[in-house]
Amino acid sequence: MTSSDPVIFSGAIAADSLSLLRKKAPLIHCLTNQVVQNFTANVLLALGASPAMVVSRQEVAEFAAIADALLVNVGTLHDEQKDAITLAVASANRAGVPWVLDPVAVGGLRYRTAFCRELIAQGPAVIRGNASEIMALTGSAARGRGVDSADASFAALPSAKALAQETGAVVAVTGDVDYITDGHLTYSVPYGSPMMTRVVGTGCALSAAVAAFIAASKERRLERAASACMVMAACGGIAAAEVDGPGSFTPRFLDLLYQLRPQRLEEMTV
């Protein structure tokens, strides 16, 4: 192993991060896509955070400044939302509020790709996407199909490291295994399940969870983002093993997020 090889993330760190989140109960301003708003809110509530879907361009700047973190998800991007995102990001930056970018379906669509490339110059704390999305942000050849990735997460790791070094953001590339990097140190999180790709919104909700975890503690953002990935993957993997399919996955997944004890994370091994 070299210093650049991914390190399997520690459950003890994730346990500490989850405890911090529940203690603070951070307020997360979600500018997310219309398909996943309800699921995203439920995931944040189950974790112990407080979601708010304030989307009007007349209100987003005011609210972003008082939130503990901001989520920007471009899944159903249109001109009015683009304006609202621009206002919210500028306000969050002025107020020192960290924000997370979820560049849904970039690469194949010019409008959102150009906008997301503008956004990464505005200083996101974390960028969370699938392999094809992260590769597209760096100009690498990617094989995305809409919101789905045709690339394995490990294939995007060089792009993720380059993007982290370019922007100063933590970059999380998620898939069969999640990789979270600051461009120098990289963690891997191998606990999820393919069933999570059969439920709308798990990736988008993960980005919201990342926002909640970094809001709970502004220190060690790499570890906080990796903790969000581990918590979501762990509960997703357990839920998938216990249910018959996607229809029963969602309620079980939410229950597990709500019931998750930090000690369970400490006990996890690959």
Side-chain angles (χ1 to χ4, degrees), residues 8-26 28 30 32 35-51 69 71 73 100 102 126 128-130 149 153 170 172-180 187-217 222-270:
I8 295 176
F9 189 60
S10 164
I13 298 175
D16 178 66
S17 297
L18 180 61
S19 296
L20 286 172
L21 186 156
R22 288 175 172 167
K23 182 177 180 180
K24 182 167 183 177
I28 309 303
C30 299
T32 191
V35 179
V36 303
Q37 286 183 340
N38 181 267
F39 183 66
T40 297
N42 282 333
V43 165
L44 288 173
L45 288 168
L47 284 169
S50 179
L71 167 66
N73 175 305
V100 174
D102 189 335
V126 182
R128 201 293 312 170
N130 66 35
S149 175
S153 54
V170 171
V173 52
T174 55
D176 49 346
V177 176
D178 298 340
Y179 295 99
I180 306 93
Y187 289 116
S188 66
V189 174
Y191 302 102
S193 167
M195 191 181 293
M196 298 179 76
T197 66
R198 299 299 179 184
V199 176
V200 172
T202 53
C204 297
L206 171 55
S207 296
V210 169
F213 273 84
I214 67 168
S217 173
L222 176 63
E223 287 80 6
R224 303 310 175 200
S227 296
C229 291
M230 184 170 182
V231 166
M232 294 284 282
C235 291
I238 295 168
E242 294 180 352
V243 301
D244 295 325
S248 49
F249 173 88
T250 296
R252 184 63 184 136
F253 177 62
L254 291 172
D255 285 348
L256 287 166
L257 290 174
Y258 178 76
Q259 296 165 358
L260 183 62
R261 297 177 296 107
Q263 293 86 345
R264 179 74 180 267
L265 294 167
E266 293 177 353
E267 295 164 358
M268 289 189 66
T269 57
V270 177

Trainee: Do Thr40 side-chain atoms and Gln37 backbone N/O form a donor-acceptor pair below 3.5 Å?
Mentor: no
Trainee: Quick one: which of Val231, Leu45, Leu44, Leu18 gives a side chain to side chain contact (heavy atoms under 4.5 Å, CB included) with Leu257?
Mentor: Val231
Trainee: Sequence neighbours left out, what passes ring-ring contact (aromatic ring centres under 6.0 Å, His included) with Phe39? Give chain and number order.
Mentor: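 So Phe39 forms no ring-ring contact (aromatic ring centres under 6.0 Å, His included) with any residue.
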Trainee: Within the supplied structure, the quantity of interest is the number of heavy atoms (other residues, nucleotides, ligands) at a distance under 6.0 Å from Arg22 CZ; does it exceed 12?
Mentor: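 Yes - once you tally the heavy atoms of other residues, nucleotides and ligands closer than 6.0 Å, there are more than 12.
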Trainee: Does any part of the side chain of Leu260, heavy atoms only, come nearer than 4.5 Å to the side chain of Cys235, both counted from C-beta?
Mentor: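 In contact.
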Trainee: What's the spacing between Tyr187 OH and Glu223 CD if we round to 0.5 Å?
Mentor: 4.0 Å
Trainee: What distance separates Lys24 NZ from Ser50 OG, expressed to the nearest 0.5 Å?
Mentor: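 Rounded to the nearest 0.5 Å, the NZ-OG separation comes to 12.5 Å.
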Trainee: Would you mind reporting whether Val173 and Asn130 have side-chain heavy atoms less than 4.5 Å apart?
Mentor: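 Not in contact.
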Trainee: How long is the straight-line distance from CG of Leu222 back to OG of Ser227, given to the nearest 0.5 Å?
Mentor: 9.0 Å
Trainee: For Pro51 and Ala41, work out which heavy atoms get closest and say how close.
Mentor: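 Heavy atoms only, the tightest pair is CG-O, 3.6 Å.
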Trainee: With a 4.5 Å limit on heavy-atom distance, are the side chains of Val243 and Met195 in contact?
Mentor: yes
Trainee: Would you indicate whether the side-chain heavy atoms of Tyr191 and Ile8 approach each other to under 4.5 Å?
Mentor: yes
Trainee: Got a second to check how far Cys30's SG is from Asp102's CG, nearest 0.5 Å?
Mentor: 11.0 Å
Trainee: Can you find a pair of side-chain heavy atoms, one from Met232 and one from Asp178, that are under 4.5 Å apart?
Mentor: no
Trainee: Would you say Cys229 and Thr174 make side-chain contact, with heavy atoms under 4.5 Å?
Mentor: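 The answer is yes; the side chains approach within 4.5 Å.
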Trainee: What are the two closest non-hydrogen atoms of Ala212 and Ala49, and how far apart are they?
Mentor: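 Closest approach of Ala212 to Ala49: CB-CB, 4.0 Å.
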Trainee: Of all the heavy-atom pairs spanning Val177 and Ser153, show the shortest one and how long it is.
Mentor: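 Scanning both residues, the minimum pair turns out to be O-OG, 2.6 Å.
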Trainee: Restricting to pairs with a member in residues 243-252, which pass salt bridge (charged side-chain N to carboxylate O under 4.0 Å, His left out), not counting sequence neighbours?
Mentor: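 Every pair satisfying salt bridge (charged side-chain N to carboxylate O under 4.0 Å, His left out) with a residue in residues 243-252: Glu242-Arg252.
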Trainee: Side chains of Arg224 and Leu20: does their closest heavy-atom pair fall under 4.5 Å?
Mentor: yes
Trainee: For the side chain of Thr202 and the backbone of Met196, is there at least one donor-acceptor N/O pair under 3.5 Å apart?
Mentor: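 Confirmed, Thr202 side chain pairs with Met196 backbone.
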Trainee: Can you list every ring-ring contact (aromatic ring centres under 6.0 Å, His included) pair that touches residues 232-257, not counting sequence neighbours?
Mentor: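 Found Phe249-Phe253.
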Trainee: Looking at every non-hydrogen atom in both residues, tell me the closest pair between Met230 and Leu265 and how far apart they are.
Mentor: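 Between these two residues, the closest heavy atoms are CE-O, 4.1 Å.
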Trainee: How close do Leu71 and Ala208 get, counting heavy atoms only, and between which atoms?
Mentor: CD2-CB, 3.7 Å
Trainee: Tell me if a side-chain donor or acceptor on Ser217 pairs with a main-chain N or O of Phe213 at a distance below 3.5 Å.
Mentor: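 Looks like no, no N/O pair under 3.5 Å.
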Trainee: Of all the heavy-atom pairs spanning Leu21 and Gly48, show the shortest one and how long it is.
Mentor: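 Residues Leu21 and Gly48, closest heavy atoms: CD2-C, 3.8 Å.
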